[in-house]
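So you know, we letter chains A, B, ... as the sequences are listed, proteins then strands, and number each from 1. Below, each value reflects all heavy atoms present in this structure, side chains not excepted, and no hydrogens, waters or symmetry copies.
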Amino acid sequence: MEDRKFLPVPSIPDFVKIEHKILKFWQENNFLKQLMEKNKGKKKFSFLDGPITANNPMGVHHAWGRTYKDIVQRYKAQKGFDQRFQNGFDCQGLWVEVEVEKELGFKSKKDIEKFGIDKFVEKCKERVLKYSKIQTQQSIRLGQWMDWENSYYTMSDENNYTIWYFLKKCHENGWIYKGEDVVPWCPRCGTAISQHEIVTEGYKELIHPGVYLQFPIKGKERHYLLVWTTTPWTLTANVACAVHPELIYVLIKSNERFYYLLKERLNIIEGRYEIIEEIPGKKILNWEYEGPLSFLPVQKEIKHIVIPWEGVSAEEGTGIVHIAPGCGHEDFLLGKEFSLKVICPIDEEGVFLDDYDVLSKKSIKESEEIIFELLRKEDKLYKIEKYSHRYPVCWRCGVELVFRLVPEWYISMKELRYKIMEVAKQVQWIPSFGLERELDWLKNMEDWLISKKRYWGLALPIYECECGYFDVIGGKEELKEKAVEGYEKFEGHSPHRPWVDYVKIKCQKCGNKVSRIPDVGNPWLDAGIVPFSTLHYLKDKDYWKEWYPFDFAVECFPGQFRNWFYAILAMATVLENSPPVKTIFGYALVKDEKGEDMHKSKGNVIWFDEAAEKMGADIMRWIFVSHNPFENLHFGYKLGQEARRKLLTLWNCYSFFITYARIDNFDPKKKECQIDLKNVKNFLDRWLLSITNNLIKNVDYAYNNYEFDKIPRLIEKYIDNLSNWYIRRSRRRFWKSQIDFDKWSAYNTLYYALTTLVKLIAPIMPFLSEEIYQNLVVKVYENVEKSVHLTDFPQIQEDLIDKDIEEKMELCRKLVFLGRAAREKAKIKIRQPLKKIIFLNVPYKEKLNDFIFLIKDELNIKEIIFNEGKDIGKNFVRVEENNLVAMLDISLDEDLLWEGFLREFIHRIQILRKEAKFDITDRIILGYQADKKIEEILDKNMEYIKTEILAEEIRKEILETKDIEEKIEINNHKILVSLKRKI
RNA sequence: GGGCCUAUAGCUCAGUGGUAGAGCGUCCCGCUGAUAACGGGAAGGUCAGAGGUUCGAUCCCUCUUAGGCCCA
């Protein structure tokens, strides 16, 4: 018959090794399948996984989010909810393209076209598959349970076609349009960078020339406008200057010339000057001036004028702003307002077009010096300074962005934004300020730029005819129906470039053959559609209805308001006008231990794999969960050490239990060992049962309300109670040799506490809890769930909660605390017994009677007196806190001293046993040599000593064969002792 | 410039309209046959600053300052 005894437990666990063992165990048993099966058909909990970009190995910050995801689903599984456990990968977009370009050593879009779009797109797919595999392995290492085979990929046909359906809906509402706008543009990637994508890392502190220009005012000889710019190349497109109509400008005379500029900006003037007059900005409006680089063909016909703009800043420049509607977003809007000409001097690689004289074919950087020279020749340059400012760069490749006029496709937010706001309000945001942030974004965001002049992404199903008419195709079937050419070449391929572009349709208006526009889609379309595509919205609406709306989603807050959260809200608003998810939970960013960003270049990045192997996944998860999710996490190995120590305490409790349960053959399934917890009498046991059930209640509440960071605090407090009070005070109950009701009571109680605790922490620390559960439960019971993660959440037993006992125990611990402080003050160690201690002002003292033994034991004091007696002289040491007073009688007599001696002696022997590496159950023979007085004392207490040190025999001689020998000295008595293990 | 968040011990952070807390770190002392643990003590705080509400404010309100995130 199989041995069903608990396995022995090492006192120092190797958490990482345990985790690998458990991983293997899980893998061999496919528990997730069993779990899903177990809860199938029950009440549903619908979790929405925000897709991780499958482009690189996972970082520590991903692990943070995935920990929450795993915890929620594990907890809901314990609670019996039916779940899908679907993970998602984000696949399409510029980020993948940029990495593949790096792999292939490409520098520009031309390289890609030369290589072949089809091959390039295949490479992108390959990369995504490669990294989704790696991320899956890493997630498994983290302990995340997901239905990995069933992960969704945003590059799937279903995902793409569902977006087509969405876009068609938008089109039917008249929201899709082609617009011209001046947008941030990456000259390397050759594409617009949408507003959504200029994230924090999208800015760099850069030094540009701060160029001061003097533009001659027409009709006023030697009068100039002083104008400032940091982008000299845009001067080729200057058509106007703007002044703030309400601010005060001055006319000054300097070097026989007259300049206009903002009064507040006079400090930029070189040399001496004299103020001629002050003049409000509005008086300067509509003046005509001679623009820069006037020999350029594009500049020939321009009538340069001064226009008003409230956005003019008094903080920098001259207060007169150079306006080039083809080269700046605000400029473009002003251009529209004042019907200015739009000049767009550069191509998509940031190179000057033909027609720009000497500048043609020059890049923006190359053009700088040439332009300065030309300006000098024209006498329009005042001075050049260096100017340092934050300037947008391409968030993927780091190249400085330019602003460029391009035709792009948009979804109008004119009506939609208000609808989305209404939907956003129906979501529960955690933290609650999430809603305000989202609304703020929605209020301020511009129309959604959905097109990108790239290769790897959603093929925008927009077919624009030369006649100006355009159509949006809503799905594969519709495409097939409308195709007039090339469908057979496309068939069998995913709806990506270049294959989808073989298909041509007929223009509904003029009948011409129409191609798809070459653009691909904004990647947030891909991620935003998943509340629909992953539930087969188009194919199986019943299934979709079963799981929609989702109950919960969790992602990193910064960024996601304008990205994923925004996208899912927008798309759900269009398709269903309903919130896609009931609760959105956000967490902050991961920084290094010093609070600085982790950067490869700084060398302070902690990689997931390294952290997992060094500190262990459970400890990482514990750190993540303990942290307030709304504050940045300063992650590092120091935190790991702290967390490890907390868990070691738990491990020690577990290992204590196992050690003695093995010695006493405690078997929780045997009748003779069992005690109904309701019949437990011992106060320590009843107290532990009570706080255990309170813990169940509080932890359940916290999980249920997504207050994850509260849980580790509750658990840590509990473990401290368990270890430093319950077990410490109960030790002797486990040690004693006789087996009685009290002993079984202790075992049953501690067993209950431990098995409950592992279930409570199982969602957070899946490995450690599994390890302990396997030994505590699976090892002894045959018909139980084979994994802790298949078990139900512990049932609270209200009748085991006893407020009264908890209160009294708390008071009791306070008294012990005071007693210790008194001993400390008197400098008398615990091993020295003392006569009595008096406590004053103790509430409900009579009820404390049952606890006196605890205080006596813990403080090693013979008598405890409540609320009687006075401070009587110097034999007492007094300590008080919060009105509670302790008075410790420190007078010692012969008996007390010898009793203290005995305890010290036993303690020394115990240390020797430990040094000799005896097992705690080993019997020994003790031999010693000492003076007569000692012999007398030891003789008198022979039996007591024997029990304490597990000696079968005590001899008044040094043993001839011995395992250890030492001279010890206590209270000036020298003793030579030797120990021998009995075999 | 606008929105949101944060400010508590050397560090990391809890917390409360009624006498300021934990962990880590430092220094002293002690306990320990479950303990790579633990306990006690000490040092260390104008709870960012200024106003207001209140019998009473670290907490609620306003402003200021600093930091974070987002937007412009």
Measure NE2/His907(A) against P/C31(B) and give the value in whole Å, please. 7 Å
Given the P atoms of U16(B) and A7(B), what is the spacing between them in whole Å? 12 Å
Report the distance from atom CG of Leu435(A) to atom P of C5(B), rounded to the nearest whole Å. 12 Å
Mind checking the C1' distance from C13(B) to G49(B)? Whole angstroms is fine. 22 Å
Between G40(B) (P) and Leu859(A) (CG): distance, integer Å: 12 Å
Who pairs with C27(B) - Watson-Crick or G-U, where each distance is under 3.5 Å: G41(B)
Span that lies between the P atom of A36(B) and that of A50(B), in whole angstrom: 49 Å
Looking across every strand, which nucleic acid part, if any, lies under 4.0 Å from Asn724(A) by heavy atom: base, sugar-phosphate, or nothing? sugar-phosphate
When we call it a touch if two heavy atoms are under 4.0 Å apart, what does Leu648(A) touch: a base, just sugar-phosphate, or nothing? sugar-phosphate
Checking the side chain of His61(A) only, and the main-chain atoms of Val590(A) only, is there a donor and an acceptor separated by less than 3.5 Å? no
Is there a donor N/O on one and an acceptor N/O on the other, under 3.5 Å, for the side chain of Arg731(A) and the base of U35(B)? yes
Can you confirm if the aromatic rings of Trp448(A) and Tyr566(A) lie within a centre distance of less than 6.0 Å? yes
Scan Gln910(A) against the nucleic acid and name what it touches under 4.0 Å (heavy atoms): base, sugar-phosphate only, or nothing. base
Pi-cation contact, Phe734(A) with Lys743(A) (under 6.0 Å, within 45°): no
Complement of U62(B), any strand, by Watson-Crick or G-U distances under 3.5 angstrom: A50(B)
Salt bridge or not between Lys980(A) and Asp922(A)? Use side-chain N to carboxylate O under 4.0 Å. no
Both Glu330(A) and Phe656(A) contact RNA chain B. Which one's nearest nucleotide lies toward the 5' end? Phe656(A)
Quick one: does Phe657(A)'s side chain get under 4.5 Å of Tyr747(A)'s, heavy atoms only? yes
Provide the distance between the two C1' atoms, one in A57(B) and one in C47(B), to the nearest whole Å. 11 Å
For G1(B), which nucleotide in any strand shown is its Watson-Crick or wobble partner with both distances under 3.5 Å? C71(B)
No-H, no-angle donor-acceptor pair, Ser723(A) side chain to A37(B) base, under 3.5 Å: no
Using atom P of each nucleotide, how far apart are U8(B) and C31(B) to the nearest Å? 38 Å
Show me the protein contacts with nucleotides 12-15 of chain B, counting only N or O atoms at under 3.5 Å.
from: A14(B); atom 1: OP1; to: Asn628(A); atom 2: ND2; distance (Å): 3.0
from: A14(B); atom 1: O2'; to: Arg713(A); atom 2: NE; distance (Å): 3.2

Which word best sums up how the rings of Tyr68(A) and Tyr587(A) line up, parallel for under 30°, tilted for 30 to 60°, or perpendicular for over 60°? tilted
From CZ of Arg645(A) over to P of A37(B), roughly how many Å is that when rounded to an integer? 5 Å
Is there a donor-acceptor contact under 3.5 Å from the side chain of His62(A) to the main chain of Gly59(A)? yes
Can you check the Phe630(A) CZ to C69(B) P distance for me, whole Å? 18 Å
Work out how far the P atom of C60(B) is from that of C69(B), and round it to whole angstrom. 24 Å
Counting only heavy atoms not in Phe433(A), do more than 12 sit closer than 6.0 Å to its CZ atom? yes
Strand partner of G21(B), provided both Watson-Crick or wobble distances fall under 3.5 Å: C13(B)
Just how far, in rounded Å, is P of A36(B) from CZ of Phe15(A)? 11 Å
Starting at the 5' end of RNA chain B and moving along, which residue's nearest nucleotide shows up first, Tyr660(A) or Asp720(A)? Tyr660(A)
Considering only C4(B), A34(B), A37(B), which nucleotide approaches the side chain of Thr649(A) most closely? A37(B)
Please report the distance separating the P of G45(B) from the corresponding atom of G10(B), rounded so that it comes out in whole Å. 6 Å
Can you tell me how far C1' of C31(B) sits from CD1 of Ile911(A), to the nearest Å? 10 Å
Taking 4.0 angstrom as the limit, do Lys962(A) and Glu965(A) come out as a salt bridge? yes
Please state the C1' separation for the pair G21(B) and G3(B) - nearest whole angstrom. 33 Å
Expressed in angstrom and rounded to an integer, what is the separation of Leu589(A) atom CG from C70(B) atom C1'? 11 Å
Out of G68(B), G23(B), A34(B), minimum distance to the side chain of Ser655(A) belongs to A34(B)
Give Lys591(A) one of three labels, base, sugar-phosphate or nothing, depending on what nucleic acid heavy atoms sit under 4.0 Å from its own. sugar-phosphate
